[in-house]
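It should be emphasised that the depicted structure is a prediction, and the values quoted were computed from it without experimental measurement.
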2 protein chains.
Amino acid sequence: MDLQRFLPYRLAVLADAVSRAIADVYQQRFDLGRDEWRVLAALAQGPMKTADVIASTTLDKMQVSRAVARLEQHALIGRETDEADRRAHVLRLTPAGRALFRRIAPLAQAREAFLLEALDADERRVLDRALDKLRDRALLLERAG
Amino acid sequence: MDLQRFLPYRLAVLADAVSRAIADVYQQRFDLGRDEWRVLAALAQGPMKTADVIASTTLDKMQVSRAVARLEQHALIGRETDEADRRAHVLRLTPAGRALFRRIAPLAQAREAFLLEALDADERRVLDRALDKLRDRALLLERAG
DNA sequence: TATTGTTATACTCTATAACTATA
DNA sequence: TATAGTTATAGAGTATAACAATA
């Protein structure tokens with residue numbers, strides 16, 4: 001067994017390198033943590049409830065709770081009680097939050113584009129499908145224990 | 001920008017899920033940490049110096065130092081001073097370490113095989129190349145800052 | 001009783017750098 | 001002076017669970 005060729009190892013190494021390259025944009029330049037960046041990106045799609053943020057970020061409720069608290073302190077998002085269920089909140093970007101997202105997103109997308117330049121159209125298409133298929137199987141493995 | 005389709009996010013999510021599925025084997029069942037598992041797998045190729053372990057695991061010198069200390073406490077690896085350079089050490093698996101690796105490796109490889117069953121031969125070939133190409137580019141991005 | 005979200009706590013990881021011994 | 005590896009320390013991230021408010 002060769003660690004260098006072991007798929008889980010290669011995925012971990014690649015994801016780490018890519019994450020560092022992207023984190024450099026939102027962390028060093030804009031003082032956001034990874035979880036805050038994810039919440040910001042999720043809410044850029046439009047206002048949504050905390051539960052929807054959890055579902056669309058793979059963060060858990062504590063991570064979202066803390067990221068939301070910090071983003072709110074910085075006036076990047078706002079929060080209203082959901083009148084239909086007063087335990088829940090609806091989250092939305094403030095104009096400042098939207099402005100920040102609009103500054104970060106192009107930089108992050110430029111880095112993604114740089115990565116993808118390594119691949120031709122056919123390779124991108126296969127990779128796209130492969131990532132989804134592998135994730136489905138990984139979730140099966142996790143559930144099976 | 002859609003987070004769900006953003007390559008860095010998808011890689012992070014996939015690598016996390018896969019890592020958890022593999023960690024379940026060496027952690028829960030055999031009480032090894034990720035770094036210890038990597039050092040064990042590296043040394044399964046044969047005895048080598050600490051510096052070579054660092055080069056072949058993407059771990060840094062502290063991570064390797066601690067993993068080595070713990071593996072040595074559990075008598076899974078042995079350590080000799082390199083007589084050519086008495087600052088350096090040569091590390092090698094003990095029989096117990098080799099036996100442990102031989103128990104874990106097939107289980108880990110079975111999980112990798114299960115993941116890869118999702119892909120046909122052509123997809124695997126493309127994925128294999130794509131991961132290497134993307135990693136090369138990610139390292140370029142990191143160095144560029 | 002169950003669920004949404006918050007808070008507390010302990011634990012692990014990571015990053016930086018100081019340090020020892022050799023070179 | 002520089003390098004191999006160790007140790008110290010502080011900060012960040014993670015996991016578990018207890019908790020308050022609402023359903």
Is there a chain of hydrophobic side chains (I, L, V, M, F, W, Y, each step under 4.5 Å between heavy atoms) that links [X] to [Y]?
{"X": "L119(B)", "Y": "L7(B)", "value": "yes"}
{"X": "F101(B)", "Y": "L107(B)", "value": "yes"}
{"X": "V25(A)", "Y": "L140(B)", "value": "yes"}

Describe, in one word, how the ring planes of W37(B) and Y26(B) are oriented to each other, choosing from parallel (under 30°), tilted (30 to 60°) and perpendicular (over 60°).
-> parallel
Does some side-chain heavy atom of V68(A) sit less than 4.5 Å from a side-chain heavy atom of V53(A)?
-> no
Take the protein atom [atom1] of [X] and the nucleotide atom [atom2] of [N], then report the distance between them rounded to whole Å.
{"X": "Q63(B)", "N": "dA4(D)", "atom1": "CD", "atom2": "P", "value": "17 Å"}
{"X": "E142(A)", "N": "dA15(D)", "atom1": "CD", "atom2": "P", "value": "11 Å"}
{"X": "I54(A)", "N": "dG5(C)", "atom1": "CD1", "atom2": "C1'", "value": "8 Å"}
{"X": "H89(B)", "N": "dT6(D)", "atom1": "NE2", "atom2": "C1'", "value": "10 Å"}
{"X": "L91(A)", "N": "dT6(C)", "atom1": "CG", "atom2": "C1'", "value": "14 Å"}

Taking 4.0 angstrom as the limit, do R111(A) and D24(A) come out as a salt bridge?
-> yes
Salt bridge D132(A)-R10(B), side-chain N to carboxylate O under 4.0 Å | yes
Identify, between V90(B) and D60(A), the residue whose nearest nucleotide on DNA chain D lies closer to the 5' end.
-> V90(B)
DNA chain D contacts among residues 66-78 of chain B, heavy-atom distance under 4.0 Å = R66(B)
Heavy atoms only: give me the nearest L43(A)-L91(A) pair and the separation to one decimal.
-> CD2-O, 3.7 Å
N/O donor-acceptor pairs under 3.5 Å from side chains in residues 13-23 of chain A, not counting sequence neighbours:
residue : atom : partner : partner atom : Å
S19(A)  : OG   : A15(A)  : O            : 2.9
R20(A)  : NE   : E142(B) : OE1          : 2.5
R20(A)  : NH2  : E142(B) : OE2          : 3.2

Working for salt bridge (Lys or Arg N to Asp or Glu O under 4.0 Å), residues R87(B) and D82(B) = CA-CA 7 Å; R87(B) 294 170 303 184; D82(B) 180 359; over 6 Å; no
When rounded to the nearest 0.5 angstrom, what is the spacing between CZ in R102(B) and CE in M1(A)?
-> 14.0 Å
Listing time: all N or O pairs from protein to nucleotides 17-23 of chain C that are below 3.5 Å?
residue : atom : partner : partner atom : Å
dA23(C) : OP1  : R86(B)  : N            : 2.8

Residues pairing under salt bridge (charged side-chain N to carboxylate O under 4.0 Å, His left out) where one sits in residues 32-45 of chain A, two or more places apart or in two chains, turn out to be E36(A)-R70(A)
State, to the nearest 10°, the angle formed by the axis through the first five base pairs of the helix from dT1(C)-dA23(D) to dA23(C)-dT1(D) and the axis through its last five.
-> 10°
Main-chain N/O of T57(A) paired with Y9(B) side-chain donor or acceptor, under 3.5 Å | yes
Does any residue of residues 17-53 of chain A have a heavy atom under 4.0 Å from DNA chain C, and if so, which ones, in number order?
-> T50(A), A51(A)
